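These notes concern the structure reproduced below.
Predicted model only: the values in this text are computed from it and were never measured. In listed order, ligands and their atoms are each counted from 1. Residue indices begin at 1 and follow the sequence shown.
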Amino acid sequence: MITDRSHLVDLDRRYVWPPYTASQVHESADPFVFVRGEGAYLVDADGRRYLDGKSSWWTTSLGHRHPRLVDVVRRQGEELFHCSMAGSTNPHAAQLAEDLVQVAPAGLARVFFSDNGSTAVEVALKAAFQYWRQNGRPDRTVFLSLAGAYHGDTHGSMSVGDLAEFHDLFAPILFEVIRAPDPSEVGGWERVVSEIEARVRAEQDRLCGVVVEPLVQGAGGMRMWSPDLLRRLRAVTREVDTFLIADEVFTGLGRTGAMWACDHAEVAPDFLCVAKALGGGVLPIAATLASERVYDGFRGGLDRALMHGHTFCGHPLGCAIGREVLAVYRDEEVLQGIPERSARLAAALAEIAEVTGVKRCRHLGMVAACDVGEGGYQGETGWRVAEAARELGAYLRPLGDVVYMCPPLNIPLADLDRLCEIFVRAVNRGISPHG
Ligand SMILES: *Cc1c(COP(=O)(O)O)cnc(C)c1O
């Protein structure tokens, strides 16, 4: 077993270029070295077990190594791992497309496969742009997106994103976006949406579509907004006949308590992007769902086709996993178990809301967050909370001064109670390290 911890850390420091990490931290910090996953737990090379408070970057909604997903990997190993999707298909891609359409908001009828959240968004942006180009509205070339948005790290997804630390540097090479104001600047989400309504009407001649993370902005700090406002965005985009693109890469597949965040508002977008939990944390798989009306705009010869693809789009192993993820949700009634769990997250938040310095406690479904400082993404209090959680046996990764729990949707109640208890203690310790 290669579990000589210090040797591995040494190799990592010497050879790995990690994402979102300052080199001076990488060179000195003591990272987790995970060697095993078991349900809601991750196991470090030193044998310590940690509750996975963020579902492995929001992917393991069914926990680590769900036996049915492990079986799929084995079974596909006897069949087929990869084949291309242009000019050929495979049983799992064809059936996953049908499965997704069946659980998706009404009207979404076509599935374009890719392999991660950024590309799922990228596909929606390109398809929306091309749709207007070849269907009589070539002046529609600009998207409207929300302040504080995160849609991924590729070019188009960065353009519609709005996180200073991630995107500002690249501004000169990103495309123009109409940016909604930040709720903190105009006095709340209600005002933001009124402003968007006005902009959508004023800019309708050049508006390709409106892109949102429905109800929860994830990486932007677990910022939550209401189903009512989402309904208003659907209404105004309908009114001027432009697209609503729902990026459900984080919120989709039950994270907010419903299958889709859009379901809380009974809203059907024109595009819906799904990734992260679709692969169950086993491997990357993503999909962009579109309405039949959108697809109709691409009917015809090669000159009207969406000239976009990825080597691994629709790969049999990924699609087999995606199907099994949906089947487990159904068979194990995963969504039905959320209210009980969500109530426990809420109770933990209620407890820390009393702590001096804790602000803006919020939760929805299986996301619970609060602010432990005013430093935003650069804040350090969140990192102290994470450090305290590590000592207590849980793996949390803060978004600067925003700390959150985002456990597997099916986390056993005893594990959830333990996670909540650690969260409460860690916040207390992180906020007053000498207290
Ligand atoms: C994580 C995320 C993405 C990007 O997904 P990747 O798989 O990391 O490319 C896009 N949109 C949202 C809302 C996300 O949370």
Side-chain angles (χ1 to χ4, degrees), residues 18-21 53-61 112-128 143 145-163 165-167 170 174 177 180 209-225 230 233 244-256 258-262 264 269 271-289 308 310-313 315 318 321-322 325 364-367 369 377 397-400 402 404-406 409:
Y20 312 123
T21 305
K54 62 163 201 162
S55 295
S56 220
W57 257 349
W58 315 343
T59 63
T60 50
S61 285
F112 193 102
F113 288 114
S114 63
D115 41 29
N116 62 70
S118 307
T119 55
V121 171
E122 209 72 42
V123 167
L125 299 175
K126 283 178 71 175
F143 293 92
S145 70
L146 299 183
Y150 179 79
H151 296 291
D153 289 343
T154 56
H155 227 83
S157 62
M158 275 203 295
S159 296
V160 289
D162 180 44
L163 294 186
E165 291 79 7
F166 291 68
H167 306 130
F170 299 102
L174 300 180
V177 165
V210 173
V211 188
V212 299
E213 292 159 87
L215 305 200
V216 188
Q217 292 186 303
M222 299 298 163
R223 306 197 318 170
M224 299 188 184
W225 53 295
L230 179 60
L233 292 187
L244 178 65
I245 300 171
D247 174 356
E248 295 238 20
V249 169
F250 170 57
T251 54
L253 297 171
R255 180 51 60 190
T256 67
M259 189 55 118
W260 310 104
C262 283
H264 292 279
F271 292 92
L272 184 143
C273 309
V274 53
K276 293 202 166 103
L278 184 59
V282 178
L283 41 66
I285 166 89
T288 307
L289 279 66
H308 185 103
H310 295 279
T311 310
F312 272 79
C313 64
H315 60 110
I321 290 285
V325 164
L364 179 66
M366 292 299 277
V367 192
Y377 202 80
R397 188 183 157 88
L399 296 157
V402 175
Y404 68 92
M405 286 182 282
C406 192
L409 308 182

Near Asp247 (heavy-atom distance under 4.0 Å), the atoms of ligand 1 are 10 (C), 11 (N), 12 (C), 13 (C)

Here the atoms of ligand 1 under 4.0 Å from any heavy atom belonging to Asn116 are 7 (O), 9 (O)

Please round to the nearest 0.5 Å and tell me the distance separating atom CH2 of Trp57 and atom CZ of Arg397. 5.5 Å

Just jot down the ligand 1 atoms closer than 4.0 angstrom to any heavy atom of Gly152, in number order. 4 (C), 10 (C)

Atom pair CG (Leu364) and CE (Met222), whose distance is rounded to the nearest 0.5 Å: 11.5 Å

Is the closest side-chain donor-acceptor distance between Thr119 and Glu122 under 3.5 Å? no

Protein heavy-atom partner closest to atom 7 (O) of ligand 1 - residue, atom, separation in Å: Gly117 N, 2.8 Å

Atom indices of ligand 1 within 4.0 angstrom of Trp58 heavy atoms, with elements: 15 (O)

All heavy atoms of Trp225 vs all of Pro214, minimum pair found to be CZ2-CA, 3.8 Å

Should one rank Arg255, His151, Glu122 by closest heavy-atom distance to atom 10 (C) of ligand 1, which comes out on top? His151

min-distance protein heavy atom vs atom 15 (O) of ligand 1 -> Lys276 NZ, 2.8 Å

Specify side chain, backbone, both or neither for Glu248, according to which of its non-hydrogen atoms lie closer than 4.0 Å to ligand 1. neither

Considering the options Val211, Val160, Val212, Asp162, which one meets the side-chain contact (heavy atoms from CB on, under 4.5 Å) requirement together with Leu146? Val212

Once you measure the plane-to-plane angle for Phe166 and Tyr377, does it fall in the parallel (<30°), tilted (30-60°) or perpendicular (>60°) bin? perpendicular

Decide whether Asp115 and His310 meet the rule of one side-chain donor and one side-chain acceptor closer than 3.5 Å. no

Side chain, backbone, both or neither: Ser118 near ligand 1, heavy atoms under 4.0 Å: both

